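Each chain gets a letter, A, B and so on, in the order the sequences are listed, and its residues count up from 1. Every value quoted in this text rests on a predicted model; they were computed, and no experiment measured them.
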2 protein chains.
Amino acid sequence: MPYDPSAFPPFAVTVDLVVLTVRGHALCALVVRRGESPYRGRWALPGGFVRIDEDLEAAAARELAEETGLHAQGSDEPHGGVHLEQLATYGDPRRDPRMRVVSVAYLVLAPDLPTPTAGGDAHSVRWAPVDTLVAAGDEHGGEGKRPDPLAFDHGRILADGVERARSKIEYSSLATAFCPPEFTVGELRRVYEVVWGVALDPRNFHRKVTGTPGFLVPTGGTTTRQGGRPAQLFRAGGATLLNPPMLRPEI
Amino acid sequence: MPYDPSAFPPFAVTVDLVVLTVRGHALCALVVRRGESPYRGRWALPGGFVRIDEDLEAAAARELAEETGLHAQGSDEPHGGVHLEQLATYGDPRRDPRMRVVSVAYLVLAPDLPTPTAGGDAHSVRWAPVDTLVAAGDEHGGEGKRPDPLAFDHGRILADGVERARSKIEYSSLATAFCPPEFTVGELRRVYEVVWGVALDPRNFHRKVTGTPGFLVPTGGTTTRQGGRPAQLFRAGGATLLNPPMLRPEI
DNA sequence: CCAATAGTGTCTTTGAGACAATATACA
DNA sequence: TGTATATTGTCTCAAAGACACTATTGG
C-alpha cells in the first residue's frame, strides 16, 4: 500500500457522546435537538466531526465541553472531571444519508448536575430518561416501541452505552462516577438501583461496599440530606476493579 | 452541519485484526510481515482499508478471509466460523506517518488450526506467541522489553486484544471459541490455563464447568487424544454469559 | 410519640478451593 | 505393572441473601 491519497476512499469521522447521569429515580441521557436536516427536529446524541489533527478522545472531550460545559478527566486533569471512555465505533455505510461517516462513540458518566446545558451550537439540550429513548428489551432493534426514536443509529449507540454502564458498575468502582465528590452509602446504593432497575437490600449493600478494600474512603463528615439518621460521607477510593464484584440480582 | 463535502476533513479508515489462538502452551497471535514502507520488514497485525460501501465488520471478515482463509461467524454463518467482535478504535493523528488513518480493531478467537496462512497479499504470515510480541506487564507502554516491536501502534492494539480475551473468558463462554467443535474438559481447561497463564485444579475445574448450565453439552463420544482415561466430548452450549462466572486466580 | 434512614449482628445457603479416592486408558 | 488423565466425593472457609435489631435524626 504505497502512499497515494487517491488510493483510499475518503471517510468522515465523528464522535458521538453517550452522557449518562442519575437524576431522581431515572437513568438519564443527554440529548440535543437537531436543527439541520437530516432528522431535523429529532433528538440526537451530542457529537461532531473530528478535526484532522485531533486525537479521537480529545475530540470527544472537546465536544463534551462545547455542548455541556463538562470537563473530562484526562491526562491533564486526572481527578477533577467526569469519566470518559471509548464505547464502540459505528460505520454502517447507510447510517448517514449524506455521506460515509464513521462515528466513534464515547461513554461519559457524570454526577447529577444542576444545569445540563452550557451553551454551544446546540439549540436545545436536555436530560431524557433512557427508557423514554430506548424501550426495555429493545437493546438491538427488537420488539419494543420507541416513543421518540433518536436520529441516525443513536438509539442503538445509546443502548450499547447503557449496557456498558450496567455491566461495568458490577466489577469496577465506576458507580462513584455518578456521585458527587462526597456521598453516602445510601446515595451510592441508589445509583446501583437506578442503573440496574432493581431494589437492593440496604443492610447487605452497606456491609458489602464498606467491606470492599479500596472502594470507599470515609471523609469523617456526615450528612442528613437523605433524611433519617445522619450518614457517613465517603469519597471514591483508589481501587478501580472491585474484588469481589458487586452482584447484580438475576431475573 | 449542512452537507458540504469540503467541510469535513478526509480520513482513511482501516480495520486491524487481533487473531488469537492457543497453540501448545502459548497464546499466539497472527502477524504478517510488512513488504512496504513504513515499517518495511517489521511484523504487523493483518488488516487493510475499509471500502467505501462496506460495513466495518464486513471489512474485518473480508480481511480475515483474505489473509488467513478463516471465515467469521456472521449473520449468514451463525455457527460455522470463528468468533469476531469489535475491539476498539485507534486514531492518534500520528499513528501512521503517511496520512490520517483511523483504525477499527477487531478481535478474532480461533481454534488451533493446521496451517495459519492461506495466501493473499501477505508475503509472510505466522503465529507468534503473544509474550514475544508484548512483554509481560507492558500492556500500555511500561518498563518491559519488546524483543521485536510490531509496526505502528499494533503492540498496543494486540495488548488490548489479549486483555479483552483474558477478561471475557471469565464471564462468558468464549473460551470455547479457542476449541475445536468437539472438545474435552481438559482441553477447555488448557485454554484457560494458557490464556490466563495460571494452573487450575483439574477437579474443581471439571466440577465447575460441567455444573454451569448451558456451558457444555455432552456429545456422547469420548476420546483418548490427551492420554490417560478416555474423556467425554462436549460441544459449546447455548449460554453466552456464564453465571456464576469462572474465577481467575488472583496474584 | 412516629417515620425515615443508617448501621450492626446473626443465621442459612451457596459456591470456591484443597485434596482424597476411584476409573480407565496406554506403555 | 506404572503412569497419565478423567471423574466423583468430601471437607472447610468465604461470602451472599434474608432479616432481626439498634441508632439517630426530624416532624
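A residue-by-residue look at B/Gln226 and A/Arg248 shows that B/Gln226 has its nearest nucleotide of DNA chain D further toward the 5' end.
Atom CZ of B/Arg225 and atom P of D/dT5 are 15 Å apart (whole Å). Straight-line distance from the CG atom of B/Leu200 to the P atom of D/dT7: 16 Å, rounded to whole Å.
For B/Thr21, the side-chain hydrogen bond (donor to acceptor under 3.5 Å, both in side chains) test picks out no residue, with sequence neighbours left out. For A/Lys208, there are no salt bridge (Lys or Arg N to Asp or Glu O under 4.0 Å) partners two or more places apart in sequence or in a different chain. Evaluation of the side-chain contact (heavy atoms from CB on, under 4.5 Å) rule for A/Ala26 yields A/Cys28, A/Pro129 as partners, not counting sequence neighbours. Every residue meeting the side-chain hydrogen bond (donor to acceptor under 3.5 Å, both in side chains) condition with A/Glu187, not counting sequence neighbours, appears here in chain and number order: A/Arg225, A/Gln226. For B/Ala105, the side-chain contact (heavy atoms from CB on, under 4.5 Å) partners are B/Leu87, B/Tyr90, B/Ile157, not counting sequence neighbours.
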query = Can you give one letter per nucleotide of nucleotides 21-27 of chain D, going 5' to 3': B for a protein heavy atom under 4.0 Å from the base, S for sugar-phosphate only, - for none?
reply = --BBB--

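Each side chain to side chain donor-acceptor pair (under 3.5 Å) pair with one or both residues in residues 172-183 of chain B, not counting sequence neighbours, would appear here, but there are none. Within the structure, side chain to side chain donor-acceptor pair (under 3.5 Å) contacts touching residues 194-206 of chain B (residues at least two apart or in different chains) are B/Asp201-B/Arg203, B/Asn204-B/Arg207. Applying the ring-ring contact (aromatic ring centres under 6.0 Å, His included) test to pairs two or more places apart or on separate chains, none has a residue in residues 164-189 of chain B.
When A/Leu20, A/Val31, A/Val19 are each tested for a side-chain contact (heavy atoms from CB on, under 4.5 Å) with A/Trp127, only one passes: A/Val19.
Taking CD of A/Glu170 as the reference point, atom CE of A/Met246 lies at 9.5 Å (rounded to 0.5 Å).
Contacts with DNA chain D (heavy atom under 4.0 Å) in residues 175-191 of chain B: B/Gly186, B/Arg189, listed by number. Contacts of residues 237-246 of chain B with DNA chain C (heavy atom under 4.0 Å): B/Pro244.
For DNA chain C, the contact window with chain B, defined by any atom under 4.0 Å from a protein heavy atom, covers C/dA16 to C/dA25 in 5' to 3' order.
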